[in-house]
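The chains referred to below are lettered A, B, ... by the order of the sequence lines, with proteins before strands, and numbering in each begins at 1.
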There are 4 protein chains.
Amino acid sequence: MASNKYEEITKAAVMLFERKGYHATSVQDIADEVGLQKGSLYHYITSKEDLLMQLAHRSISEFNGQMEEILKNASLTNRERLHLAIENHLKYVTKNVQLTTVLLREAFSLGEDQHQVIQDLTDKYLNLWTQVIEQGIAAGEFRPVHARITALSILGSINWVYRWYKEGGKLTASDISKLYSDLFLDGIENR
Amino acid sequence: MASNKYEEITKAAVMLFERKGYHATSVQDIADEVGLQKGSLYHYITSKEDLLMQLAHRSISEFNGQMEEILKNASLTNRERLHLAIENHLKYVTKNVQLTTVLLREAFSLGEDQHQVIQDLTDKYLNLWTQVIEQGIAAGEFRPVHARITALSILGSINWVYRWYKEGGKLTASDISKLYSDLFLDGIENR
Amino acid sequence: MASNKYEEITKAAVMLFERKGYHATSVQDIADEVGLQKGSLYHYITSKEDLLMQLAHRSISEFNGQMEEILKNASLTNRERLHLAIENHLKYVTKNVQLTTVLLREAFSLGEDQHQVIQDLTDKYLNLWTQVIEQGIAAGEFRPVHARITALSILGSINWVYRWYKEGGKLTASDISKLYSDLFLDGIENR
Amino acid sequence: MASNKYEEITKAAVMLFERKGYHATSVQDIADEVGLQKGSLYHYITSKEDLLMQLAHRSISEFNGQMEEILKNASLTNRERLHLAIENHLKYVTKNVQLTTVLLREAFSLGEDQHQVIQDLTDKYLNLWTQVIEQGIAAGEFRPVHARITALSILGSINWVYRWYKEGGKLTASDISKLYSDLFLDGIENR
DNA sequence: TATGAATGAGGATTCATTCAT
DNA sequence: AATGAATGAATCCTCATTCAT
């Protein structure tokens with residue numbers, strides 16, 4: 001399972017799913033990429049769909065893992081938590097644009113059951129973000145905004161980044177996360 | 001072109017593309033939905049891909065149209081423009097969730113050339129948003145933020161709405177747009 | 001039947017069948033060419049195949065007609081008959097390259113029964129040629145060659161012309177028929 | 001490529017293309033003939049059209065090969081060359097009537113580009129024939145005929161043979177080639 | 001005469017997956 | 001572990017023809 005070859009296949013799949021999309025990527029394409037015959041691939045993978053599932057699952061799990069770390073850390077204010085959450089998320093997205101794209105754009109192609117699993121993990125991620133905001137409001141750090149909508153709003157914003165971020169652009173992940181943190185904390189109004 | 005039947009087909013396609021995705025929707029599915037033979041469909045459409053193209057094009061054009069109206073209106077402050085832009089966008093998204101989903105999720109399945117056309121219109125939309133923010137900064141209405149990134153951020157946020165909005169939920173489009181406007185103008189920090 | 005429109009359709013069909021081949025020509029193509037709707041065409045034609053049949057039949061009939069004239073003319077020697085046959089055939093081919101092409105290249109696409117009709121007429125044509133040669137041999141005008149093979153040989157030669165003849169080339173039908181007559185009468189050997 | 005199965009498919013295709021024509025032969029027909037599923041065929045072939053292309057190419061190449069051999073052989077007079085050319089051509093046609101039919105009748109169904117390739121090879125073949133005649137004229141072996149037209153004439157004649165030759169008929173390829181050589185060298189006139 | 005909607009069968013091709021070797 | 005032949009279902013699309021208006 002965790003063999004070298006499997007990781008190779010995984011990488012090829014991420015790359016191809018991102019570039020061409022899940023449906024437009026054939027098992028043959030993946031086989032070609034790793035220098036194997038189509039049939040041989042099935043020694044390593046269960047199915048094309050399962051490959052997608054593994055990738056999506058890995059990605060959302062890592063997002064959740066990061067967020068749980070942040071919430072566990074008792075020494076942080078919620079303002080710091082939010083800032084860190086944004087930074088971590090954007091760092092992950094920018095360092096793993098392809099994988100993030102697979103999660104955010106392609107997971108929908110999973111069968112219903114599999115897709116639900118990913119959906120649940122995604123909901124959980126949203127809940128963790130909501131929690132930070134709720135805590136911040138309770139602590140008087142944040143204004144009494146609608147926590148869930150705010151979480152959805154921020155997440156939408158930073159998820160969207162996979163759509164335009166290009167490696168080697170002018171802005172680093174840090175730059176971007178500063179801009180986003182600023183925006184969501186202060187807004188753009190000139191006071 | 002604008003025949004009754006074509007609109008019927010269009011509606012069926014929007015519905016199916018949204019529910020199952022473009023690739024998972026067969027021409028047969030669409031034909032079944034409108035009660036026509038598969039072959040008969042081709043009296044109205046050029047190809048399945050063209051159908052997708054028409055839908056995506058219609059959608060992004062309407063987004064652009066709205067935004068151009070706003071920019072043309074000289075009696076508005078840029079603060080008002082931004083507010084209106086958010087409101088219009090969200091109203092369109094919530095009133096046409098399926099169509100918006102087709103634009104935002106499925107347009108990627110278009111062939112390269114067609115996709116580029118949509119991409120260009122999408123870029124144009126981004127530029128119009130950027131313009132509002134730049135003007136607002138110049139006029140001293142907004143803080144000197146990074147206009148383009150801010151536009152991307154807000155657009156990401158409100159585009160994301162198609163992913164979670166359900167008709168008949170507690171929040172109306174107006175409610176949501178008020179929350180979003182607030183957020184992007186003032187941020188959440190408690191000052 | 002013999003209406004103006006039918007002739008128009010006939011001309012369009014000849015042109016298209018020659019240019020693209022019978023199978024690659026759709027009824028739509030023909031309709032477009034005459035500025036009619038596909039359905040309207042069926043007021044004039046029975047079927048696409050029948051259209052082909054009419055064309056092939058007309059062509060081979062005219063070939064046969066010419067040849068019968070020649071044989072009926074008692075004042076001709078068989079040498080003259082052969083010369084005239086070659087000339088007439090080549091004049092017809094060069095003046096009606098498209099129609100000849102349809103006969104010689106596309107008639108094969110007819111259904112078995114229809115094709116047999118054309119085949120029979122073609123066989124008849126061969127017989128008429130054979131007759132001229134046989135008569136010429138009997139009369140001592142020609143050497144005692146194998147009449148049928150010789151007829152096939154000459155016919156092959158002059159039928160082939162539709163494959164390379166281009167209107168407006170250097171050689172006229174008369175030029176070509178002189179060269180061919182010469183060749184088949186005298187051969188190329190230098191004596 | 002040169003696998004057993006591919007040759008089997010090739011043979012089935014030749015047979016079917018000859019019998020029914022390229023267009024009237026479905027991939028299903030070919031699959032049935034070799035006892036494979038339609039889809040399985042695509043392990044061996046690229047497309048139906050490519051199959052046709054391979055066959056046409058093989059055939060015209062062999063014609064050209066034969067002719068080049070003849071021209072290379074310095075010990076032959078041009079009279080002998082012409083005789084040999086006719087004999088070789090007819091032997092090939094009669095031994096491979098089906099394949100020759102595919103070349104001469106069906107190659108036209110190739111797409112433009114592919115067809116041009118075959119056309120070019122066919123033109124080359126014509127040039128080789130023209131060369132023999134030109135050389136013969138220069139050497140005083142042949143009368144000063146129009147070399148190209150003469151080549152076209154002879155080639156037309158012997159190509160036509162695929163249209164009437166039936167295996168097991170009275171005349172062998174040798175018989176036929178003797179008759180044709182005679183005809184083209186001496187003509188039919190009784191002197 | 002002309003339309004154009006509708007048919008329904010047929011066609012080439014793709015593709016994920018299986019399995020004997 | 002690897003192959004590659006084979007499957008069989010699915011997919012998009014074309015097209016000659018019919019027919020009500």
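One can place CD1 of B:I45 at 10 Å from P of F:dC12, the figure rounded to the nearest angstrom. To the nearest angstrom, P of F:dG4 lies 18 Å from OH of D:Y6. Look at CD on D:E8: it is 10 Å from P on F:dA6, rounded to the nearest Å. Between C:H43 atom NE2 and E:dT3 atom P the separation is 9 Å, expressed in whole Å. F:dA16 atom C1' lies 13 Å from atom CG of C:D50, rounded to whole Å. If you measure from atom CG of A:N4 to atom C1' of F:dA1, you get 14 Å, rounded to the nearest angstrom. A:Y22 places its OH atom 15 Å from the C1' atom of E:dT14, with the value rounded to the nearest Å. As rounded to whole Å, 17 Å separates atom P of E:dC15 from atom CD of A:E49.
Looking at which nucleotide of DNA chain F each of B:K48 and C:T25 is closest to, the 5′-most match is held by B:K48. Along DNA chain F, the nucleotide closest to C:S47 and the one closest to B:V27 are compared, and the more 5′ of them pairs with B:V27. Of the residues near DNA chain E, C:K5 and D:S26, the one whose nearest nucleotide (by heavy atom distance) lies more toward the 5' end is C:K5.
Within residues 11-20 of chain D, no residue has any heavy atom closer than 4.0 Å to DNA chain E. Within residues 104-112 of chain C, no residue has a heavy atom under 4.0 Å from DNA chain E. Of the residues in residues 28-42 of chain A, A:L36, A:Q37, A:G39, A:S40 come within less than 4.0 Å of DNA chain F through at least one heavy atom, sorted by number.
With sequence neighbours excluded, the residues that form a side chain to side chain donor-acceptor pair (under 3.5 Å) with C:S61 are C:H57. Not counting sequence neighbours, A:Y42 has no partner by the ring pair (Phe, Tyr, Trp, His ring centres under 6.0 Å) test. With sequence neighbours left out, C:N96 forms a side-chain contact (heavy atoms from CB on, under 4.5 Å) with C:Y92, C:L99, C:T100. C:K124 pairs by the side chain to side chain donor-acceptor pair (under 3.5 Å) definition with C:E68, not counting sequence neighbours. Residues forming a side-chain contact (heavy atoms from CB on, under 4.5 Å) with B:K11 (at least two apart in sequence, or on another chain): none. Scanning for side chain to side chain donor-acceptor pair (under 3.5 Å) contacts around D:Q37 gives an empty result, with sequence neighbours left out. By the side-chain contact (heavy atoms from CB on, under 4.5 Å) test, D:Q119 is found to be paired with D:H115, D:Q116, D:T122, D:D123, residues two or more places apart in sequence or in another chain being considered.
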Here DNA chain F, pairs taken as Watson-Crick or G-U under 3.5 Å and shown with ( ), [ ] when crossing and | when to another strand, reads .||||||||||||||||||||
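Rounded to the nearest 0.5 Å, atoms OG (D:S59) and CG (D:N64) are 10.0 Å apart.
Using a 4.0 Å cut-off between charged side-chain N and carboxylate O, A:E7 and A:R58 make a salt bridge.
Looking at heavy-atom distances under 4.0 Å, D:T46 makes no contact with the nucleic acid at all.
With ring centers used as reference points, B:Y44 lies 6.0 Å or more from B:Y6.
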side-chain hydrogen bond (donor to acceptor under 3.5 Å, both in side chains), that's the test. Do C:D50 and C:Q54 meet it? Break it down for me. CA-CA 6 Å; C:D50 183 69; C:Q54 301 303 329; 3.2 Å; yes
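Considering only side-chain N and O atoms, D:Y44 lies nowhere under 4.0 angstrom from the phosphate OP1 or OP2 of F:dG4.
B:F63 and B:V93 make their closest contact through CZ-CG2, 3.9 Å (heavy atoms, listed as atom of the first residue, atom of the second, distance).
Taking the side chain as every heavy atom from C-beta outward, B:V34 and B:L41 approach each other to under 4.5 Å.
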Please list, one pair per line, the donor and acceptor atoms closer than 3.5 Å that link side chains of residues 13-25 of chain D to other protein atoms, with sequence neighbours excluded.
residue	atom	partner	partner atom	Å
D:K20	NZ	D:D29	OD2	2.9
D:Y22	OH	D:E49	N	3.2
D:T25	OG1	D:L16	O	3.2
D:T25	OG1	D:G21	O	2.7

